[in-house]
Amino acid sequence: MSSMGAISIWTTEPEALLTMRDISKSFLGVRVLSHIGFDCRAGEVHALCGENGAGKSTLMKILSGAFPADEGTIVLDGTVRRFTHPSQARAAGIGIIHQELSLLPHRSVAENIYLGREPSRGGVVDRARMGRDARRALSRLGSTIEPQAQTGDLTIAEQQVVEIAKALAVDARVLVFDEPTAPLDVVESGKLFRVIAELRATGVAIIYISHRMREVFEIADRVTVLKDGRGMATLTAAQATPDAVIRLMVGRPISDLFPPRATRPPGAVVLQIQDGANGHLAGINLTLRAGEIMGVAGLEGSGKMELARAIFGDEPFTSGEITLLSGAAAAWSPREAVRRGVAFLPDDRKSEGLGLRQSLRDNALVVRRSLSRALALPSRGNRAPAIFDALFRKVEMRAADVDAPVGRLSGGNQQKVIVARWLAAEPRLWIVAEPTRGIDVGAKAAIYGLLRDYAESGGAVLMISSDLTEIIGESDRIAVMAGGRIVVELPPGASEEAIMAHAVHGPQVAEALA
Amino acid sequence: MAESKTWRLGLGTIAVAALACAGLHAARAQTAATNSAAVDKEFAYEQTLMSAKPIGPADKPWEQSLSTNMVDTAKYKKAPPYRVCFSNASISNPWRVVGWKVMQAEADLHKSEIASLSYADAQDKDDKQISDIRAFVTGGKCDVLIVSPHTSDALTPVVEEACKSLPVITFDRNVRTDCPVTAVRTIGGYAYGMAGANFIVENMPKGGKVLMLRTAPGIDVFETRSDAAAKVFKAAGIKPIGVEFTGADNAKTKAVVSDYLSRVGKIDAVWVDFGAMSVAVAEAFEDAGQDYPIITGEDQEDYLQKWNQEGFKGIAPTYPAYQWRTALIAALDVLQGKPVYGPDWILPQPLITSANLAQYVDPKMPPLHYATCGCETLPGYPERWGGKK
Amino acid sequence: MTRGLASLRRINPTILVFVVLLAAICWMSPLYRTPAGLLSLLQRAAPVVILSCGQSFVLIAGGFDLASGSLITLVVVACALITGGDAGWTWVALLASYGIGAAVGVVNGVIVARGKVPSIIATLGTLLSVKGIAMMWSGGAPGGYLPANLRFFGRYVWRHVPLVGRFPVAVVVLIISIAIMAWLMHGTNFGRLLLMIGDNPRAAELAGAPVRRFRMLTFVISALASVTAGILLGGFSGVSVDVGTGYELQAISAAVIGGVVLLGGQGSMLGAVFGGLTLYALFTLLNLVGFPEPMRVAVQGIILIAAAALSARRGRRI
Amino acid sequence: MSGAAIPRGGLAKFRLPLALVICAAVVYAATALGTAQGEQLSWSGVMGLLQRMVALGIVAVGQTLVLLVGSIDLSVANLISVSAVIASHVMNGNTDAIALGVLAAIAIGILVGAVNGVLVAKLKVSPLIATLGVGLVLQGVLTTSYETLAGSVPASFRVLAYGRVAGLPLAILLLIVVVALAGFVLARTAAGYRLYGVGGNVQTARLAGIRTDRFIIGAHIAASVTAAISGLYLASWLGAGTPWVGRDGGYDLDSIAVVVIGGTLLSGGRGGVAGTIAGVFVFATIDAVFNMLQIDPFLGQVLRGVIVVGAVASYTIRTKAHVA
């Protein structure tokens with residue numbers, strides 16, 4: 001670690017464990033961070049808020065040593081540090097739980113937790129000790145995951161727990177949580193907050209990044225708001241009201257994210273499922289009409305994603321009767337579904353939604369092209385940019401450079417490209433999974449509006465989400481899933497408590513209640 | 001910054017590699033002319049063999065020999081039928097394919113004596129051939145072992161091993177040990193190489209341009225052929241305009257010759273170390289709209305037929321495929337206790353000239369057939385070799 | 001950076017390299033200064049260029065086709081055996097060749113798209129099998145010549161053509177092949193979707209693209225290109241058993257030199273064409289310079305690495 | 001990617017290799033008995049079979065490491081030739097020069113591996129192209145300089161390939177040592193764990209503080225060293241190195257095929273040497289069985305292709321994800 005200059009300096013805030021000061025960073029001549037600074041004390045939860053592209057992740061990547069800052073200093077425990085490789089940041093006691101899960105699916109849980117710092121003697125790994133330590137670290141998080149289990153077999157929520165255990169295993173003095181609850185349901189999130197509270201009690205400095213405002217206000221001691229690569233303000237918990245934070249983030253108050261509910265009574269039946277079942281699902285009965293948005297809630301592993309995939313034909317139903325627009329639709333493929341007017345917004349944008357190196361245009365036209373004749377000229381959007389302009393106006397996006405690779409766009413804009421792709425195909429049924437995961441408030445509002453417009457114009461929406469605010473705010477009806485079944489259907493505006501009760505207690509209790 | 005540094009590092013590595021290549025190439029040029037005394041001796045020896053008269057039946061060159069020494073094989077005598085095992089380097093080129101069919105046809109002649117002809121193909125892999133031979137020896141199902149080695153040095157120890165348990169016959173390439181009962185071979189590469197070169201020297205106008213085409217460097221048989229030709233040309237004061245490796249690939253041969261034609265305008269003779277390229281050479285001249293030069297070749301039918309048809313000046317030294325018959329005949333003789341020529345059974349190596357071309361050329365045979373197969377009287381001729389009746 | 005410079009950057013650098021090589025070739029040899037000379041260079045480069053274009057379809061969709069060299073051998077052997085030198089059978093042989101090609105392509109495609117075998121392994125398997133079939137069918141040495149009207153495509157040169165003098169038939173075949181493949185890649189939904197499939201097959205599938213069928217088709221296109229290349233090669237140089245050996249790596253090299261990115265998602269027919277031309281021009285130049293043959297292999301290796309390093313460097317700029 | 005049904009944890013991870021070995025062994029034994037060649041099941045018959053594995057086995061171990069780290073090495077075939085030629089040139093029949101010859105071959109291996117690794121890890125050249133290119137350079141240098149480098153190994157060096165210890169051929173011991181060493185490193189050491197990490201996900205490994213470039217370069221060096229050892233073994237087995245020994249042996253594509261047949265992912269992060277050695281065993285038995293059955297070599301080639309594809313397909317076919 002000789003490359004780290006260690007200069008003792010006098011700090012203005014002696015109690016701060018970590019201070020990032022005046023940090024600037026440019027990529028390809030575009031300034032993404034401009035003189036940002038904040039500090040975090042030992043035993044404090046400091047939240048970073050900001051829309052996508054505000055610079056939160058970039059700032060944390062600089063802290064983790066993924067790449068260096070152009071300007072500015074990092075002071076840790078009174079010492080100026082400069083990290084050029086993540087190993088240096090780790091050695092200095094900085095642990096990060098990344099937004100995207102970064103576990104090795106083919107390795108065991110213990111091997112993942114101790115990757116890069118395996119307990120070893122003379123290079124030989126002490127596997128017994130590693131297993132013991134892993135079990136202890138996991139139980140500290142209230143988890144009973146088997147350390148020898150293969151990580152790829154775990155649910156996303158369990159993997160998130162492993163990810164946290166991995167960060168804790170560094171004996172970190174500073175812990176960064178970057179959107180840790182994105183894949184977690186309410187119960188799992190609750191467990192995580194208890195762990196964070198414990199860590200805070202032991203004197204760890206915690207930096208917490210989340211788009212879920214409710215969480216931020218629940219656990220943060222202070223909140224720093226970023227916008228467009230600049231630090232707007234640092235507020236104490238008392239000062240940080242939702243309105244104040246959101247105004248700082250987006251520059252204007254947002255009275256209501258959600259558009260008003262359906263104005264017309266639902267129309268013709270679009271989708272009807274009777275006794276649908278496959279390896280993950282059982283006894284699914286569901287009717288969806290034109291003009292409706294149906295929300296599907298449930299914990300991780302409740303089968304809500306599997307339901308989406310079954311209807312879309314990705315992992316189709318193996319039994320039951322499925323009728324789509326009055327035609328039978330059993331055991332089909334995504335392609336067949338798309339041709340029959342079904343659209344699907346996947347929950348994982350990067351791995352299931354986009355060709356990151358392809359242009360915005362190619363990504364937005366992929367559905368139209370898939371539906372057109374293979375040997376026809378590439379879809380007319382190529383020749384008529386007007387269609388594009390109209391489309392992008394609809395998704396409130398500036399089609400500044402339609403020929404630039406889509407990988408350069410922010411998460412929110414990427415999501416809008418996928419939305420535009422499906423709007424262009426004019427589907428009859430739209431399955432959306434976690435439509436606003438990891439995108440900022442502004443983009444969220446836009447997408448809620450688009451979904452409602454789509455329903456109003458005669459489409460049917462099935463919205464799978466782990467975000468209960470979203471389920472409650474957007475849905476006309478709410479289906480709650482548990483154990484691969486739909487356990488209850490609730491009216492719009494049902495309370496979070498009601499949804500959770502069904503989701504947690506599963507089909508038996510739900511039946512008992514009925 | 002760091003990026004451009006590694007970039008430079010990479011370019012540097014490449015540059016060093018390129019320099020190393022160039023250096024090694026220069027070093028090679030220096031050592032090419034070593035060992036000339038041994039070469040001269042072998043050269044002279046093969047020259048005398050070419051004009052010597054072989055013993056044995058005149059109409060069966062595969063039973064003839066230029067070495068008169070016989071080996072006693074009484075100790076190997078056994079009662080028929082025999083289990084013959086054959087470890088072959090490969091059948092990856094037409095000569096070997098023709099030869100393997102010749103051996104199988106020869107075996108058909110001896111149905112009563114041969115119980116089985118077990119075959120192992122090494123697919124041009126030395127290490128597989130070693131294992132193949134060991135498996136034959138271990139298997140205990142062989143009365144005699146015929147080996148056509150892929151590489152002489154590599155196969156020597158395992159052949160020595162095999163000699164301890166059963167009689168061994170080698171042919172085509174041989175091994176560096178005397179332990180086999182006999183090693184069937186032809187006169188050699190020097191004789192092959194000098195025949196074509198001599199013909200060029202005698203027939204080419206003075207000051208003519210010669211292009212030498214070679215298959216690949218480092219392979220013994222091709223090295224001796226080109227060494228001999230180079231020696232002949234040097235003695236005649238001819239400096240070839242180029243020596244090129246073509247990998248015996250037709251398209252490449254044609255491209256190389258065309259490029260030479262475009263560079264030097266006219267070529268008077270093309271010497272090849274392997275007859276498979278000769279027709280491609282002829283076609284390059286056709287396509288360039290030029291007259292045929294002297295083109296040396298081999299007994300492959302496509303060349304013979306082209307030569308016969310177009311009437312250019314040609315000559316075909318041979319590497320007779322009838323040695324595949326000889327190997328099996330020798331194996332059976334050994335088991336019957338008959339003395340065989342040995343330790344070297346040197347077969348005659350016919351030279352095809354315009355005078356005796358008619359005797360070899362046969363339009364009914366396929367282009368990749370070898371005229372010195374000695375198979376005309378074997379069962380299944382000509383269909384077995386893809387010919388028409 | 002000025003706009004002019006930026007647009008210069010967009011030009012495929014392979015074209016510049018090719019122009020430089022061509023200039024060097026012309027400087028070395030007067031023959032290539034004439035249209036007829038350049039056309040004969042094109043004639044000889046045609047098989048590699050066609051192969052490189054066909055291979056690019058597979059590469060862009062994320063796979064590899066190692067079986068193309070073996071397929072060339074099989075085609076030449078098949079033509080020789082079917083016609084047996086008889087011109088009357090030429091059309092049958094041509095039809096049969098394309099039929100064989102399509103079958104090999106479908107087999108490759110099915111193994112990769114349905115069997116989920118990584119294409120490098122799948123086509124390695126078909127490489128062995130196709131070569132083996134060619135050898136079995138011919139018994140190791142094909143009997144029979146290719147009739148003149150079959151060799152016409154690869155070998156014949158029209159003389160006394162106005163303006164250029166001599167015009168090889170192979171160049172016409174080359175132009176038609178490139179036109180068809182460029183249209184498929186750049187003028188159809190199929191081609192645009194291939195890029196998406198190569199970049200992210202899962203995303204393409206969930207957007208309704210027929211991923212498996214298109215992937216399969218790329219192997220068929222590559223195989224048909226190999227058949228065309230085989231007919232040209234057999235026509236140019238006649239029958240031999242190892243006529244196709246090594247062409248699969250040449251085709252991949254050419255595509256990479258032309259800026260096609262391995263594992264998919266990036267590449268163009270223009271690049272593939274100039275990649276093939278560059279590779280062939282390089283061989284020709286080294287030949288003209290009198291560079292020792294074995295070292296040409298080494299130079300090919302260095303050029304290949306440099307091209308890939310360059311495109312990796314450009315790629316990182318995004 | 002996780003769709004392939006590979007059992008996990010403890011002994012279970014040897015299930016696939018074990019199944020391959022048992023299948024191959026049963027076919028071998030059945031063929032030997034069915035064709036009345038029971039001698040092939042004797043000690044020396046089996047040792048002969050195992051010796052077929054040595055050259056491919058050693059280099060396949062190295063190939064396993066490179067594939068695990070998410071790279072690939074196509075230069076091994078030519079490097080084997082280079083090593084064999086250099087070793088026999090340096091030794092040149094001289095017993096005293098054995099150590100020097102071995103050192104020279106290993107040193108060349110390290111150098112070539114480092115070049116491969118730097119090209120892949122630092123210059124971000126696609127590993128297929130980088131190693132193909134390096135292989136071509138080696139081939140060019142070798143064919144150009146072969147005459148300069150002629151030589152042969154001394155008889156005492158040939159003990160490596162032909163010697164026996166307690167009836168067990170030394171060569172097989174050598175293979176066992178190489179396999180055991182690589183297996184130990186992968187399964188027991190921190191370096192092995194991190195290698196899997198780098199192959200599984202470079203970004204993850206980097207964020208876990210692992211110097212990923214070093215592992216990629218290290219794996220390439222290890223692979224090249226195994227290729228050099230294979231070359232030394234072949235020089236000992238064949239008496240002299242030839243410039244075509246590696247290429248004719250098809251060690252580049254064969255080594256990749258056996259590793260993949262053994263269950264290692266081409267994309268890295270999963271697999272191990274046990275599977276690889278099982279794959280090598282399968283290849284060795286194919287050769288031996290075809291010989292016993294007297295299968296026409298061309299038909300043999302067709303069947304080999306079918307077996308390679310079939311073996312891999314048998315467990316990839318259930319994969320849900322797209323593969324290319």
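We use all heavy atoms of the structure for the numbers below, so side chains are in, but hydrogens, waters and symmetry mates are not. Throughout, a chain's letter reflects where its sequence line sits, starting with A, and its residues are numbered from 1. Please read all numbers here as calculations on a predicted model, not as lab measurements.
- Atom-to-atom distance recorded for A/H85:NE2 and D/D213:CG is 7.5 Å, nearest 0.5 angstrom.
- Each of A/L104, A/D126, A/V124 has some count of heavy-atom pairs under 4.5 Å with chain D, and the biggest count is that of A/L104.
- When atom types are taken as modelled, the side chain of D/R206 and the backbone of A/A66 share a donor-acceptor pair closer than 3.5 angstrom.
- Of residues 115-123 of chain A, those residues with a non-hydrogen atom less than 4.5 Å from any non-hydrogen atom of chain D are, in numerical order, A/L115, A/G116, A/R117, A/E118, A/S120, A/G123.
- Closest approach of A/K166 to D/T204, counting heavy atoms only: NZ-CG2, 3.5 Å.
- A/K61 does not touch chain D: none of its heavy atoms, backbone or side chain, sits under 4.5 Å away.
- In this structure a side-chain-to-backbone donor-acceptor pair under 3.5 Å is missing from A/R107 to D/Y196.
- Residue with the most contacts toward chain A among D/G209, D/G199, D/G197: D/G209 (heavy-atom pairs, distance under 4.5 Å).
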Point to revise | Chi angles and distances behind the side chain to side chain contact (heavy atoms under 4.5 Å, CB included) call for A/V125, D/Y193 | key: CA-CA 9 Å; A/V125 176; D/Y193 279 46; 4.0 Å; yes
Point to revise | Stepwise side chain to side chain contact (heavy atoms under 4.5 Å, CB included) test for D/R188 and A/R127 | key: CA-CA 8 Å; D/R188 289 286 185 273; A/R127 299 200 299 172; 2.8 Å; yes
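- Rounding to the nearest 0.5 Å gives a distance of 6.0 Å between CG of D/L207 and OG of A/S64.
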Check your understanding: Do D/L265 and A/H106 pass the side chain to side chain contact (heavy atoms under 4.5 Å, CB included) test, and can you show the C-alpha distance, the side-chain angles, and the key distance before you say yes or no?
Key -> CA-CA 10 Å; D/L265 279 185; A/H106 304 305; 3.3 Å; yes
